[in-house]
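Quick caveat, the model's predicted, so the values are computed rather than measured.
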Amino acid sequence: MKKLLISIALLLLAGAGYFTYEKWVKHSDLTIWSFIPADAAVVVDAKLVQDLKSFQGYSISTFLKESSGLKNFRNGISFLDSINGEGGFTAIFQNAPAVASAHKVSSSEVDFLFVIELQNISQNTFANAAIGRLQERGYRFKTRNYNDFKISEISNQGKTLTFIFYKNFFLASFTPYLVEDAVRAISDEEMLSFQENFTQLSKLGTNGLASVYVNYEKFGELIGAFTSNGTDFSILAGNYDLMLDSSFIQLSGFSYTKDGWLSTHKNQPAPFEMAEVVPENTAYFYHITSMDFSNWKEAQINYLRSSDTKIKVYQDSLKALFDFNADQVFDLIDNEIGIANLESPRSRDQQKLLILEVKDRDESLSFFSQLTERVALARNDSVYRESYSENEIRFLPIGEFPSTILGSLAEGFEQCFYIGYRNYLIFSNDLQELKNLIFSIQNEDTWGKSISMNNFLERANNSANVSLFVNIPRAWSTFQNQLKPDWSDHFKENATLYKTMDMAAFQYSYIDGRYFTNYTFNQPIKQKKSIPKTRAENGLRFISKLNSKAYLLKTHAHKNYDILVQDSTNTIYYMDPDQNTLWSQNVEEPIQGGIYPIDYYKNGKIQYVFATSKNIYMVDRTGAYIPGYPKSFPKTPTIQHLNLIDYDLSRNYRMAVTDIDGGVYLTDKDLNVLDGWNPKNLNRRALLPLEHARLGRSDVMISIQENGVINLMNRRGQFIKGFPFDTRQTLDKNYHLRKSNSLSNSSLTVISKGGELTEINLEGDVIKRHQLIKTSADATFQLVPDTGGDSFIIIRKEGNTYEVLDDTGNLLFKKDYLSQETILIQYYQFGAGKDLVIFTDTSNKSLYIYDKSGNLVTGNPLNSEHEISLIYSSAKREFQVFTTWDANLELYNFAY
């Protein structure tokens with residue numbers, strides 16, 4: 001239907017058949033702009049066919065070709081060509097000037113008014129033939145009068161296009177009153193046209209493919225057609241050139257402000273340098289710069305106090321209670337402020353960062369340290385500090401501190417933790433996320449180290465007063481949650497298309513009373529889906545059958561991963577990234593669980609610790625054992641699990657050893673048992689290794705036993721209040737720990753084999769207990785946490801059917817496997833839509849890698865008999881999969 005109507009619209013753009021040749025005399029007092037009403041939200045000035053063709057030579061055209069509106073537009077032109085012979089319409093109308101304006105026409109609809117200037121008799125002749133043929137095909141035409149103007153309508157299948165010919169202009173819309181408004185724009189002296197209302201815009205020409213004009217008041221209302229709320233811009237209007245280059249689309253020009261927040265920025269902008277501390281998982285990032293923050297300070301203070309009375313009251317109360325003058329924070333800032341909203345794996349959480357570039361880090365830390373001490377003294381509380389990976393994390397006991405200097409832009413910091421790093425103070429509303437940031441910086445997982453991000457930033461404006469950067473795939477869930485239901489469904493159905501646009505930037509720079517504006521969108525060249533094939537250089541064959549997965553080991557020697565496997569003779573092989581064997585060693589028994597990197601000597605060089613059922617081994621990259629290793633316990637327990645714990649990344653390691661009888665030992669790095677753990681007897685066998693978590697001021701040790709008992713202990717082995725907690729269920733072995741800033745706000749989720757999902761906080765209170773649906777008595781359930789521990793999926797198995805559910809129990813997809821042997825399931829969550837669910841059919845030695853919609857992303861099953869190891873390179877947008885089966889180690893590469 002929609003294609004048909006667009007086709008009709010395009011046909012009637014050429015309806016000059018209602019005219020005689022004399023109507024082609026041009027009138028100097030009218031242009032195509034004369035018909036556009038002042039309440040248009042967006043107006044595009046272009047040539048109808050020629051500019052559409054110009055898109056074809058750019059990679060960005062892939063997105064534009066496949067988007068529903070433009071696809072229908074292109075199909076419409078093809079239909080027109082077919083009426084009068086192939087290429088007729090395209091040849092005749094390729095240089096026809098046209099404008100199209102967008103209007104909000106209902107609470108959830110946007111429609112367009114099209115105005116085209118007909119220039120010659122060839123177009124008139126084509127129109128006569130086209131309309132005649134349409135009438136022969138049964139389209140209904142009728143006319144009516146409006147303010148002495150003859151308006152025509154063409155109908156088909158319940159939809160009507162309204163149009164009018166006036167002099168040498170043609171106007172059309174599917175919303176009748178838009179055509180009527182266009183008539184009034186030229187006939188009613190009291191009604192302004194768009195051009196008359198925004199005279200400053202009409203003076204600008206275009207150097208790009210087209211010109212785009214925006215009325216921001218109406219554009220904010222137009223956004224309200226898609227979302228539950230409109231948007232109030234502090235801009236009046238703007239005129240931008242549309243330019244295409246490689247994989248970029250860019251609108252650049254000037255915006256004109258009204259009194260509002262943007263108008264406070266009237267200083268020279270500074271370069272964007274804080275990308276080095278913006279983490280890769282940032283969904284969207286507000287960036288504010290000034291070469292003279294002291295000048296912006298006064299404008300910002302006056303704006304906040306006049307526009308938000310709550311901020312003024314809060315600022316005054318902080319000054320009275322704690323002698324804290326929020327305005328003084330501006331004196332610490334050098335040139336940049338950043339606010340990062342991070343992609344959250346959990347829908348109910350929103351992690352944020354505030355980054356301040358400061359003139360003197362020590363002075364700034366002292367300022368906030370003194371403030372914290374005053375608040376602690378006034379509240380009779382202690383000062384919170386925590387050492388983490390050679391950084392000191394501090395707690396600022398002022399809720400919503402960032403909003404005291406930036407207003408609503410920086411809300412969402414109910415709690416505020418911060419660190420000093422280089423010349424930055426970095427605040428977070430989530431203690432765990434601040435630790436994750438430290439880890440990201442150490443691993444160069446930041447915007448500043450990303451090749452693709454640097455390519456994008458080079459194309460955007462490096463020095464702007466105000467910027468909003470959006471990582472579209474990472475911001476997708478937040479965007480989806482703000483849409484109205486109809487539009488939410490549309491974007492869900494077309495998510496793959498829209499997310500081919502990976503980055504967007506909206507930037508404003510003050511220049512002589514107006515704001516130079518850049519809107520930049522990036523669509524990387526789409527990689528072709530590859531079907532992996534094993535090649536000699538991508539695999540090794542060993543003498544004996546392999547009985548382990550390929551362990552990928554972090555090393556000090558290079559930035560890639562070394563590889564370790566174990567065969568059926570219990571020999572381990574250590575290889576470099578090119579699969580050259582560096583050494584081998586027989587350890588007599590299978591490895592129990594994981595292999596952990598350890599900096600035993602605290603000198604930056606990595607060794608590895610692992611366990612068999614009898615011994616614990618510690619070996620370096622050359623195959624040499626650390627003196628004294630391998631070791632066993634004096635009581636010689638049968639080891640079931642090993643975990644390496646570093647409470648605060650200080651390299652003061654602890655080893656957690658669990659035996660098959662439920663005893664838990666906690667030792668130092670030399671296997672000396674600590675008090676309270678010799679052993680801590682939990683009576684029943686543990687499902688998983690002992691895990692440590694630091695939550696605010698509390699350290700907790702977590703162990704779950706096979707009888708359904710959840711144990712939480714402190715570092716001395718003493719039970720935390722509310723534990724042990726007996727679920728009275730036979731549990732699946734896995735659980736999910738949701739980390740937050742305190743025990744009460746953190747939670748642990750388990751699932752029984754019968755499908756009862758239980759979530760408790762770490763004070764032992766039940767948050768929810770929910771029985772998942774099962775349609776057969778033999779249905780079983782398991783919880784599969786992602787490899788980073790941020791979220792989880794649920795597997796419901798009924799017969800040979802495996803159903804994959806999200807963390808709330810909603811079905812994602814299901815698959816059937818005929819195998820009666822074990823199916824191994826893993827979940828990798830990389831964010832930005834790059835989440836993978838892995839099924840390994842051990843009996844058939846087949847590997848299936850699915851996205852969260854159930855699509856097989858590798859094109860065909862791969863070879864595997866054990867769990868896999870997988871790496872994703874965001875720079876290359878490529879996955880590497882390491883598999884083992886029979887005596888083979890194989891490496892696959894794929895992208896999707």
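- Side-chain N or O atoms of Ser369 include none that pairs as donor or acceptor with a backbone N or O of Leu365 at under 3.5 Å.
- Aromatic ring centres of Phe479 and Phe491: separated by under 6.0 Å.
- Considering all non-hydrogen atoms of both residues, Tyr216 and Ser255 come closest at OH-OG, 4.2 Å.
- Side-chain contact between Val329 and Phe368 is present, with at least one heavy-atom pair separated by less than 4.5 Å.
- With respect to the salt-bridge test (charged N to carboxylate O, under 4.0 angstrom), the residues Asp327 and Arg305 qualify.
- Contact annotation: the side chain of Ile393 approaches that of Leu434 to within less than 4.5 Å [non-hydrogen atoms, C-beta and beyond].
- Counting only heavy atoms from C-beta outward, the side chains of Tyr384 and Leu431 approach each other to under 4.5 Å.
- A salt bridge does not link Lys310 to Glu400: none of the charged side-chain nitrogens sits closer than 4.0 Å to a carboxylate oxygen.
- Looking at heavy atoms from C-beta onward, Phe395 lies out of side-chain contact with Thr372 at the 4.5 angstrom threshold.
- Judged by distance alone, with hydrogens and angles left aside, the side-chain atoms of Lys359 form no donor-acceptor pair with the main-chain N or O of Ser364 at under 3.5 Å.
- Proximity of Asn465 to Lys266: side-chain heavy atoms (C-beta onward) are nowhere separated by under 4.5 Å.
- The closest donor-acceptor contact from the side chain of Asn335 to the backbone of Ser290 lies under 3.5 Å.
- Distance alone, capped at 3.5 Å, places no donor-acceptor pair between the Lys449 side chain and the Ile441 backbone.
- Checked against the 6.0 Å centroid criterion, the rings of Phe506 and Phe521 qualify as a close aromatic pair.
- Under the 3.5 Å distance criterion, the side-chain polar atoms of Asn429 are matched with a main-chain donor or acceptor of Lys352.
- Between Phe248 and Phe456, the ring planes lie parallel to each other; the angle is under 30°, not in the 30° to 60° tilted range.
- Classification of the Phe194-Trp33 ring pair by plane angle, with boundaries at 30° and 60°, yields tilted.
- Under a cutoff of 6.0 Å and an axis angle of 45°, Lys297 and Phe330 do not form a cation-pi pair.
- Judged by distance alone, with hydrogens and angles left aside, the side-chain atoms of Ser509 form a donor-acceptor pair with the main-chain N or O of Ser463 at under 3.5 Å.
- With 3.5 Å as the limit, one finds a donor-acceptor pair spanning the side chains of Ser294 and Asp292.
- No side-chain heavy atom of Asp181 sits less than 4.5 Å from a side-chain heavy atom of Leu113.
- With Arg379 contributing its side chain and Pro397 its backbone, the two residues share a donor-acceptor pair below 3.5 Å.
- Here the side chain of Arg474 pairs no donor or acceptor atom with the backbone of Glu343 at under 3.5 angstrom.
- In terms of modelled atom types and a separation under 3.5 Å, the side chain of Ser263 and the main chain of Asp259 share no donor-acceptor contact.
- No hydrogens or angles considered: nothing links the side chains of Asp308 and Ser408 as a donor-acceptor pair under 3.5 Å.
- Here the CG-CG distance, from Leu304 to Leu406, works out to 7.5 Å after rounding to the nearest 0.5 Å.
- Aromatic rings from Phe469 and Phe272 are positioned such that their centres are separated by under 6.0 Å.
- By the 30° and 60° cut-offs, the orientation of the rings of Tyr284 relative to Tyr286 is perpendicular.
- Under the 4.5 Å side-chain criterion, counting only non-hydrogen atoms from C-beta, Thr517 is not in contact with Ser252.
- For the residue pair Gln370 and Ser366, a side-chain donor N or O sits within less than 3.5 Å of a side-chain acceptor on the partner.
- The pair Glu276-Arg422 counts as a salt bridge, with a side-chain nitrogen and a carboxylate oxygen less than 4.0 angstrom apart.
- Judged purely by distance below 3.5 Å, without hydrogens or angles, the side chains of Ser740 and Asn745 never pair a donor atom with an acceptor atom.
- A distance of 6.0 Å or more separates the ring centres of Phe417 and Tyr388.
- For Gln415 and Asn741, the side-chain atoms include at least one donor-acceptor pair closer than 3.5 Å.
- Distance check, rounded to the nearest 0.5 Å: CD1 of Ile301 to CD of Gln315 gives 7.5 Å.
- In summary, Lys319 and Asp316 do not engage in a salt bridge, as defined by a charged side-chain N under 4.0 Å from a carboxylate O.
- Interatomic distance, Ile288 CD1 to Gln300 CD, rounded to the nearest 0.5 Å: 7.0 Å.
- No option in Tyr510, Tyr508, Tyr256, Phe254 other than Phe254 meets the ring-ring contact (aromatic ring centres under 6.0 Å, His included) test with Phe516.
- Ring centroids of Tyr240 and Tyr519 are separated by less than 6.0 Å, placing the two rings close together.
- Atom OG in Ser34 sits 7.5 Å away from atom CD in Glu196 (nearest 0.5 Å).
- When each of Ile426, Thr446, Leu353, Asn423 is tested with Val277 by the rule side chain to side chain contact (heavy atoms under 4.5 Å, CB included), just one qualifies, namely Ile426.
- When ring centroids are compared, Phe413 and Phe427 stay outside the 6.0 Å threshold.
- You'll find the side chain of Thr175 stays beyond 4.5 Å of the side chain of His103, heavy atoms only.
- Judged purely by distance below 3.5 Å, without hydrogens or angles, the side chains of Thr289 and Glu336 never pair a donor atom with an acceptor atom.
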